[in-house]
Novice: 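I have a structure here, written as structure tokens, and I will follow up with some questions on it.
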Protein chains: 2
Amino acid sequence: MAPTSEPLTAARILEATEEVLRRHGPAKATVVDVARALGVSHGSVYRHFRTKAALREAVTERWLDRTSASLSGIVAEDGDPEARLRTWFTTLFEAKRHKAGDDPELFATYMVLIGEHSAVVDRHIADLTGQLTTIVEDGVRRGVFASASPAVTARAVFDATGRFHDPCYVRDWEQPGIDDEFEAVVGLVLRGLRV
Amino acid sequence: MAPTSEPLTAARILEATEEVLRRHGPAKATVVDVARALGVSHGSVYRHFRTKAALREAVTERWLDRTSASLSGIVAEDGDPEARLRTWFTTLFEAKRHKAGDDPELFATYMVLIGEHSAVVDRHIADLTGQLTTIVEDGVRRGVFASASPAVTARAVFDATGRFHDPCYVRDWEQPGIDDEFEAVVGLVLRGLRV
DNA sequence: CAGCTGACAAATATTGAAATCTGTCACCTG
DNA sequence: CAGGTGACAGATTTCAATATTTGTCAGCTG
């Protein structure tokens, strides 16, 4: 399209790759498509990313990092830890549900990418449980949460709410009654957390 | 194989279908294979099951029902509800983990079947949460559990422990540390359940 | 000479013709 | 005549030929 203009950067390639994935889906998005979208030869793309897998992995990481970033603000706040925990999960659930509901095809695309790059997902989960650990530690410090090991507890809290953030449950997120189920699980977990 | 002998019953067809699925996997198990294993024509199989899907559904249901049955004993016991709940989940997790670990291919086969027959799975989940509801009600009656609605609470407890019984997490079940994570989640949930 | 190109070999995906399977049903047979 | 058969049409799967894609690299170009 654009014959030549700005210098070819990793960021521009990632942007174009996201667009190609959105348009063609994970199965038909090729490196040649990405290069064409940028008006360069596919050899140039390989100058910035060693393999197609590395390129897709970078796109996946960027996508997951956007979610982490939007939650980190809640961790930084200084209010009631229980309320912050509740807000954190509500925000996460809402964000995932909207991503999945607003553009199911794109979400399905990212689910494929996530399946391809488990190391990135592991890092992302470590990131999120790290945020939870901070909130749990804060709660313990203030004497509102009981936990011998905040990191272990944070992980347990994360695992217990999996139904409301793990993509393997996407289908359930549109089901009626899911909000009540969310409240029930979060309520149960928060009760278990209190001193 | 066996030219003719006992009368052809639904039970014998289900048995043979399980065997064919075990041998050939879900993709290559055909109705003709099942008929051949029984020494009959495939038309006879269609006399007992309207479609291939119905046959596979029946096999799936039988498989899931075996799990439910093995847990119902724990529900019927009359000990400490908290201990029973713990035993119930430990038994479920152990059973699933062994099924998955001992014969991964067969487990993968059943995962495919489960994906094909969500109505059967829904029934199975209703069955299991029903068992949990009985234990929770018992705990409330004895004054050890707090719950405004045992059915809702039971469902929340079931959802919160999904990581240790939902097949979408099979991979995690072999990971080191999974037992600690199980303990952490079950501990958290039981704390949340206590008065 | 840094950055890009495009021809190329090997790996992977697509395609369409042939083979197999599903589900039906008129007709056997003990 | 209850229970079973097997030929059949349409749907689905397989397989091998064909086309595309990935990843490399010698060489072009601004």
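Values reported hereafter were calculated over all heavy atoms of this structure, with side chains retained and with hydrogens, waters and symmetry mates removed. Note on naming: letters A, B, ... go to the chains in the order of the sequence lines (proteins, then strands), and numbering restarts at 1 for each one.
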Novice: B:K28 has an atom NZ; how far is it from atom P of D:dT13, in whole Å?
Specialist: 13 Å
Novice: Hey, is A:R84 close enough to A:D138 for a salt bridge, meaning N to O under 4.0 Å?
Specialist: yes
Novice: Quick one, B:Q175 and B:E181 - any side-chain contact, counting heavy atoms below 4.5 Å?
Specialist: no
Novice: Do the side chains of A:T67 and A:K99 get nearer than 4.5 Å, heavy atoms only?
Specialist: yes
Novice: So B:V31, base contact, sugar-phosphate only, or nothing? Heavy-atom distance under 4.0 Å.
Specialist: sugar-phosphate
Novice: Could you state the OH-C1' distance from B:Y46 to D:dG3, rounded to the nearest angstrom?
Specialist: 18 Å
Novice: Please confirm whether the backbone N or O of B:E94 pairs with a side-chain atom of B:H98, one donor and one acceptor, at under 3.5 Å?
Specialist: yes
Novice: Counting distance alone, no hydrogens or angles: does the base of D:dG4 have a donor or acceptor under 3.5 Å from a partner atom on the side chain of B:R47?
Specialist: yes
Novice: Taking NE2 from B:H48 and P from D:dG4, how many angstroms apart are they, rounded to a whole number?
Specialist: 6 Å
Novice: Is any side-chain N or O of A:S41 closer than 4.0 Å to OP1 or OP2 of C:dT5?
Specialist: yes
Novice: Is a donor-acceptor contact shorter than 3.5 angstrom present between the side chain of A:H42 and the base of D:dG23?
Specialist: yes
Novice: Rounded to the nearest angstrom, tell me the gap between atom NE2 in A:H24 and atom P in D:dT20.
Specialist: 15 Å
Novice: If the cut-off is 4.0 Å, is B:S44 near the phosphate of D:dG3, judged by side-chain N/O to OP1 or OP2?
Specialist: no
Novice: What is the distance from CZ of B:F49 to P of C:dG23, rounded to the nearest Å?
Specialist: 13 Å
Novice: Rounding to an integer number of Å, can you tell me how far B:L55 CG sits from C:dT22 C1'?
Specialist: 12 Å
Novice: To the nearest Å, how far apart are B:D33 CG and C:dT20 P?
Specialist: 12 Å
Novice: Measuring only between side-chain heavy atoms, which start at C-beta, is A:F89 closer than 4.5 Å to A:L132?
Specialist: yes
Novice: What's the closest nucleotide to the B:L8 side chain, out of D:dG23, D:dG4, C:dT22?
Specialist: D:dG4
Novice: Can you tell me the distance, in whole Å, between the CZ atom of A:R36 and the C1' atom of C:dT5?
Specialist: 16 Å
